[in-house]
Protein chains: 4
Amino acid sequence: MRARPFAEITVADIAREAGLAVGTVYRRFENKDALIPVLFEIYKQRLDGFTGPSGGIAVDPQSGLKGVLRQLATQSWEFLTQERAIAREAHLYARLRPDLVGAEWDALLAASQASFGALIDAFPGEVRRPRDEVTEMLAYHFNTALTERALYPDDGVGSQMTVSELDFVRAIADFAYGYLVTEAD
Amino acid sequence: MRARPFAEITVADIAREAGLAVGTVYRRFENKDALIPVLFEIYKQRLDGFTGPSGGIAVDPQSGLKGVLRQLATQSWEFLTQERAIAREAHLYARLRPDLVGAEWDALLAASQASFGALIDAFPGEVRRPRDEVTEMLAYHFNTALTERALYPDDGVGSQMTVSELDFVRAIADFAYGYLVTEAD
Amino acid sequence: MRARPFAEITVADIAREAGLAVGTVYRRFENKDALIPVLFEIYKQRLDGFTGPSGGIAVDPQSGLKGVLRQLATQSWEFLTQERAIAREAHLYARLRPDLVGAEWDALLAASQASFGALIDAFPGEVRRPRDEVTEMLAYHFNTALTERALYPDDGVGSQMTVSELDFVRAIADFAYGYLVTEAD
Amino acid sequence: MRARPFAEITVADIAREAGLAVGTVYRRFENKDALIPVLFEIYKQRLDGFTGPSGGIAVDPQSGLKGVLRQLATQSWEFLTQERAIAREAHLYARLRPDLVGAEWDALLAASQASFGALIDAFPGEVRRPRDEVTEMLAYHFNTALTERALYPDDGVGSQMTVSELDFVRAIADFAYGYLVTEAD
DNA sequence: AATGAATGAGACTTCATTCAT
DNA sequence: CATGAATGAAGTCTCATTCAT
């Protein structure tokens, strides 16, 4: 998958790569589509491995709201770039075959929202927007904003940027910070 | 494409839909891949048709920076949801076949950055960040933040949201506003 | 089919035999199973070609009931042995895939019964059994009795016979004759 | 086999059904084809079990030639319908793979002829045809006439009949009776 | 001796592409 | 210039058979 998207990979390719015969792959998986959820499973394992046993990204509350958001963005960025190949396929197949990975993705998202809820509760005075909206929007923003450039550094919107990666990640965090601390209307 | 992604559509489907014979399609296009840029061309035409002959989205500077950003977000949202099918394919193929649509996408992005540059120049006192970074980040943000929910309303990150579409679009604009008006450090 | 049953023939075999490419076969037939009805269609054409434009086997009523039955048996025998390959497949697939050829077979059978009805009406004094039963049983008998030896001369029940073919066919007719002219009880 | 013909049953199916591993099946049988004779063996056992230790179907000579033939037809009919699944496969494979079951079938047939010989010897005055022909033709007739309707009640020639099973079986016997008691020419 | 995971040849089917009409 | 039947490479999947455990 580092080279070609899943759809263009044949079962024979997968078998060869895995050092198995084609029939052996079919012994374990009903058909080629049944491999997609596995893709996602691996993605989740990598994610778990990254966040560590505590289950959440390690942040230092002493660094203030903006600092915490920047730490979060940085950690997410590092994960996405390190695991680019698998993350790209996971994101792509969430779109191409939502029937196969949709439910798993929802669970990930719910966990993400919960952790954002805990985060803003740690800074009660600064956040000036409804808690429900905030958790949803933060989860959405961190999920979508980083992925484009992290997963497709050579194509599309992210590839033409001159801003450094460091500044880019900071800016993404600052979008979130600015949203939280400004009045809704 | 309203029903199936381009890869799953056969050349025979396209010919039938166009009222042509398969061979006729091949008189005009080298091969099936050569149809992808056309997809993008159509996307650009639709975009042009939407923005109107002036070439830019109509906004009212009297409504202030936040107001302008919200108008922009709303207009973009409306375009994306109205042209969901074609926009989805354009975005998807920018990822699946960057070699075929990458250059066109870059041109679109450059235009977008230019227009954001003009926009912030209209509010010199309020924006507290470097102009270069701002134009890039705004173009990036408006391009990525809205697409996920607009193009994939039934799947993925956008499908689980309880925030109304109106509040969602406003929030996306407010992310941008908050980013612009807060200090960089 | 002269050599192997349909199930063991690959689509590639059929294409090669027909001087076509595999894809061309699939241009005309949905899938391999869709070829089975064609088999049957050919069988019916051969049968039509054999019975001639009059639509029925030519018999001479002057030769009496037994004579007519023998003529019928002889004609049927000749058809079955001449068209052994196609007839064998038609009979075999009526059993292996009744869903595909059942309805066609029923039509053939109904025609056969009608013609037997006309036949016995020509000899009102001699037939001592109910007309309904007689038409059904004659159609059944002529259909099943001849096929075994005609279609599988080298195997099974028919292959071990020492009775000459001529005597065999006569005997089959005589079974029918004896049945018709003896009392039911 | 009650549901699908042998060709569509996998070796894994057979092993599972037998409570064995696939490899164990291959310890006992050279290959899948080697199972076909077993099929036939089972058929013969069932047949032996039906006819009883005496080795022949029990008939009452007091009931006359026609009565005896009817008893025979009835007994055969009952066996075939009771053991439909195995009988169907035995008959089918006698055709599909004559090389594997032909010899066994011949033995069965010879026994059948012998028993018909004994039968007609018990009614010397009534049978007006050469003994050799008669034994062969009776064995052939009882073998082929009943099988079609007994084994394929839902398809083909037998499925469209309105004659009751009882009358059908009687008629099959009466074909034989009529053949025996009428003059050859 | 029994197991059953692994194997891979080969079957069916699709569809981008060609080319005679 | 348009047509669409023909093509055949290539992909998915099945299953009889093997063999290390």
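We name chains A, B, ... by the order of the sequence lines, and we start the count at 1 in each one.
- Listed by chain and number, the residues in a salt bridge (Lys or Arg N to Asp or Glu O under 4.0 Å) with A:Asp154 amount to none (sequence neighbours excluded).
- If you check residues 14-31 of chain D against DNA chain F, the residues with a heavy atom closer than 4.0 Å are D:Val22, D:Tyr26, D:Asn31, listed by number.
- D:Phe79 and D:Phe50 have tilted rings, their planes meeting at an angle from 30° to 60° on a 0 to 90° scale.
- Between the CG atom of A:Asp33 and the P atom of F:dC13 there is a distance of 7 Å, rounded to whole Å.
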Requested in this report: For side chain to side chain contact (heavy atoms under 4.5 Å, CB included), just list the numbers for C:Tyr93 and C:Trp105, CA-CA rounded to whole Å, side-chain angles, deciding distance to a tenth of an Å, and then say yes or no.
Outcome: CA-CA 11 Å; C:Tyr93 271 82; C:Trp105 199 256; over 6 Å; no

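- Among residue pairs with one or both ends in residues 9-24 of chain C, those qualifying as salt bridge (charged side-chain N to carboxylate O under 4.0 Å, His left out) are C:Arg4-C:Asp13, C:Asp13-C:Arg16; sequence neighbours excluded.
- For C:Gln82, there are no side-chain hydrogen bond (donor to acceptor under 3.5 Å, both in side chains) partners, not counting sequence neighbours.
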Which pairs would a plain distance check flag for residues 22-31 of chain B, meaning a side-chain donor or acceptor within less than 3.5 Å of a matching protein atom at least two apart in sequence or in another chain?
unit_1  : atom_1 : unit_2  : atom_2 : d
B:Asn31 : OD1    : B:Asp33 : N      : 3.2
B:Asn31 : OD1    : B:Ala34 : N      : 3.2

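- For the pair C:Asp13 CG and E:dG10 C1', the interatomic distance rounds to 12 Å; values are reported in whole Å.
- Proximity of a side-chain donor or acceptor of B:Arg84 to a complementary backbone N or O of B:Ala150 within less than 3.5 Å is detected.
- Note: CD (B:Glu8) to P (F:dG11) measures 17 Å, nearest angstrom.
- Across B:Arg46, B:Lys44, B:Arg88, a single residue satisfies salt bridge (charged side-chain N to carboxylate O under 4.0 Å, His left out) together with B:Glu83, and that is B:Arg46.
- Rounding to whole angstrom units, CD1 of residue B:Ile9 and C1' of E:dT14 are separated by 16 Å.
- One atom, NZ of A:Lys32, and another, C1' of E:dT14, lie 14 Å apart when rounded to the nearest Å.
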Query raised in the report: How would DNA chain F look in dot-bracket form, 5' to 3', counting Watson-Crick and G-U wobble pairs with both distances under 3.5 Å and writing | for bases paired to another strand?
Result: .||||||||||||||||||||

